[in-house]
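Reading through the structure tokens given below for one structure.
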Amino acid sequence: LKVKSHVCVIIDAVMAEGKAPKPKRLTVEVLEDSFESEDGSGDGSSSDASSADSQLDQEVQVDFEARQVEEGDYHGVRRLLQQVFLKASVDISGLASLIVAQGNIGSTIKVCDDVMDSGQEEGSGDGGSGSDEENVYGITTALNLSQHSSQDCVQQLKDLLLKQCSVHAASTLPRLSSLLSDASKPVGLLVNERFLNIPAEIAPPLLRGLILEVKEATRKGLPFALHYYLVIARSHVVSVARPLAGKKRRRKGKIPAAASQGTDRGTESNEDPPVFDFFENEILQKESVLSFSYPVVEESDSVLGGRWSFDDEAMKPYRTVMVLPAGRLEHAIAQLEAALKH
């Protein structure tokens, strides 16, 4: 049984005190992931399918708010990092610990307290599903890699990127190596992860809030005078059957513009360039001075939030690495806001 459903998600992202202004209330129609029975036999009747459709095709109102990152968010943050690194040899537990220990940098996306309280009252009385881990639906923050260069998890992250770059974008390796090793120009890991069905409209206020917090931390003498932001974005490549001779293959979807450097993405000739899971990363890539992509097909046997299913196309998971000057982030946010208005 295969069911596809459209769920209307209404998001009112309320920013907590000290955060960026709240965005406008919005209504977004989201195509949920397809799913099918494990045996694939499709032995359910049409009435069963109709019943499933009626249950899934409904309007769900969800109120989110941006909250300061807390130590209790550790498991939720770790789970979001797992989406990025999958089975890579990177200590995501160590990265999550460093992120939550900062406290004053970045925001988590959580369901509003009144919604959680209501859900707990209806539950068994032991907190239901409202744990800190399950209530972290996204995070936007920055981690100074230069400051934490002695940490094993940070060195593992750098080793992963340098290895993948050497294989899939060799011409970019010297530049990337130089950027990651230059302590005089600190590089911050920009972590911008969330569940797939939370739309891009929530990104601008979160990113603007991050910029304000980084500036305030720098003013207080904290080590956040970042020169660059490093982004590891989830992306996919549409792999289609090789076209017959003399026939042109039609591309589907919106393809991000190539970055100014490191455009060797290691993709096969019958594959399109990567398409980002989150729209804002397309804008960030345009502002980057370095960018390359590498496949993670062998590591992605499961993805938080489900997996995409297509009848005639295979979506191969990739990771797109980009480095942009810190000063360009604000301009990228302005471009994102303009694009989302159209």
Side-chain angles (χ1 to χ4, degrees), residues 80 83-85 138-143 145 157-158 160-162 164-165 167-180 185 187-194 196 198-204 206-208 210-211 226-239 251-268 271-296 315-342:
L80 290 167
Q83 294 185 170
V84 179
F85 294 104
I139 184 170
T140 298
T141 189
L143 181 68
L145 298 180
L157 169 61
K158 292 181 180 180
L160 169 68
L161 298 181
L162 292 173
Q164 295 293 350
C165 187
V167 174
H168 301 285
S171 61
T172 306
L173 182 60
R175 181 76 187 279
L176 177 63
S177 179
S178 176
L179 287 171
L180 293 178
K185 297 180 179 179
V187 176
L189 175 64
L190 177 57
V191 181
N192 183 49
E193 274 297 312
R194 62 182 181 272
L196 282 174
I198 300 179
E201 280 81 356
I202 203 170
L206 292 175
L207 291 171
R208 287 199 180 279
L210 176 63
I211 289 177
L226 302 174
H227 283 248
Y228 296 98
Y229 283 110
L230 169 71
V231 180
I232 306 174
R234 287 189 288 158
S235 55
H236 290 81
V237 164
V238 180
S239 178
R251 289 186 175 184
K252 297 182 179 180
K254 191 173 183 180
I255 303 301
S260 57
Q261 296 190 27
T263 54
D264 177 8
R265 303 180 187 280
T267 58
E268 300 174 1
E271 294 178 339
D272 284 327
V275 178
F276 293 110
D277 286 13
F278 301 135
F279 173 66
E280 63 265 24
N281 289 326
E282 178 179 335
I283 306 296
L284 294 180
Q285 189 189 44
K286 292 177 181 178
E287 294 296 320
S288 68
V289 296
L290 179 154
S291 177
F292 70 94
S293 296
Y294 63 92
V296 291
M315 296 291 284
K316 292 186 177 181
Y318 273 65
R319 294 297 176 265
T320 299
V321 180
M322 47 191 132
V323 178
L324 65 153
R328 293 189 187 179
L329 180 57
E330 196 157 1
H331 182 245
I333 297 171
Q335 292 186 65
L336 174 60
E337 290 172 331
L340 291 174
K341 289 179 181 178
H342 297 310

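This chain uses plain numbering: 1 for the first residue, then up along the sequence.
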Hey, could you give me the [atom1]/[atom2] distance between [X] and [Y], rounded to the nearest 0.5 Å?
X	Y	atom1	atom2	answer
L173	L161	CG	CG	11.0 Å
L162	T172	CG	OG1	11.5 Å
M315	S235	CE	OG	9.5 Å
L336	E282	CG	CD	10.0 Å
L206	N192	CG	CG	7.5 Å
L324	H227	CG	NE2	14.0 Å

Listed partners of T141 passing side-chain hydrogen bond (donor to acceptor under 3.5 Å, both in side chains), at least two apart: none
For R194 against A200, the heavy-atom pair lying closest together: NH2-CA, 3.4 Å
Where Q164 and F292 come nearest, the two heavy atoms and their spacing: C-CE1, 4.0 Å
Does [X] reach the side chain of [Y], with side-chain heavy atoms less than 4.5 Å apart?
X	Y	answer
E193	Q83	yes
I211	E330	yes
H168	P295	yes
H236	D277	yes
Y294	T320	no

Partners meeting salt bridge (Lys or Arg N to Asp or Glu O under 4.0 Å) with E287 (sequence neighbours left out): none
Donor-acceptor pair, side chain of K158 and main chain of L180, under 3.5 angstrom: yes
Heavy-atom donor-acceptor pair, R234 side chain to V84 backbone, under 3.5 Å: no
List in chain and number order the residues that pass side-chain contact (heavy atoms from CB on, under 4.5 Å) with [X], two or more places apart in sequence or in another chain; answer none if no residue qualifies.
X	value
L189	L143, L145, L157, V191, L230, I232
E337	P204, R208, I333
A233	V231, F276, N281, M322

Note: E201-K341 ion pair, threshold 4.0 Å (strictly below): no
Residue pair I202, T140: steps toward the side chain to side chain contact (heavy atoms under 4.5 Å, CB included) verdict: CA-CA 10 Å; I202 203 170; T140 298; over 6 Å; no
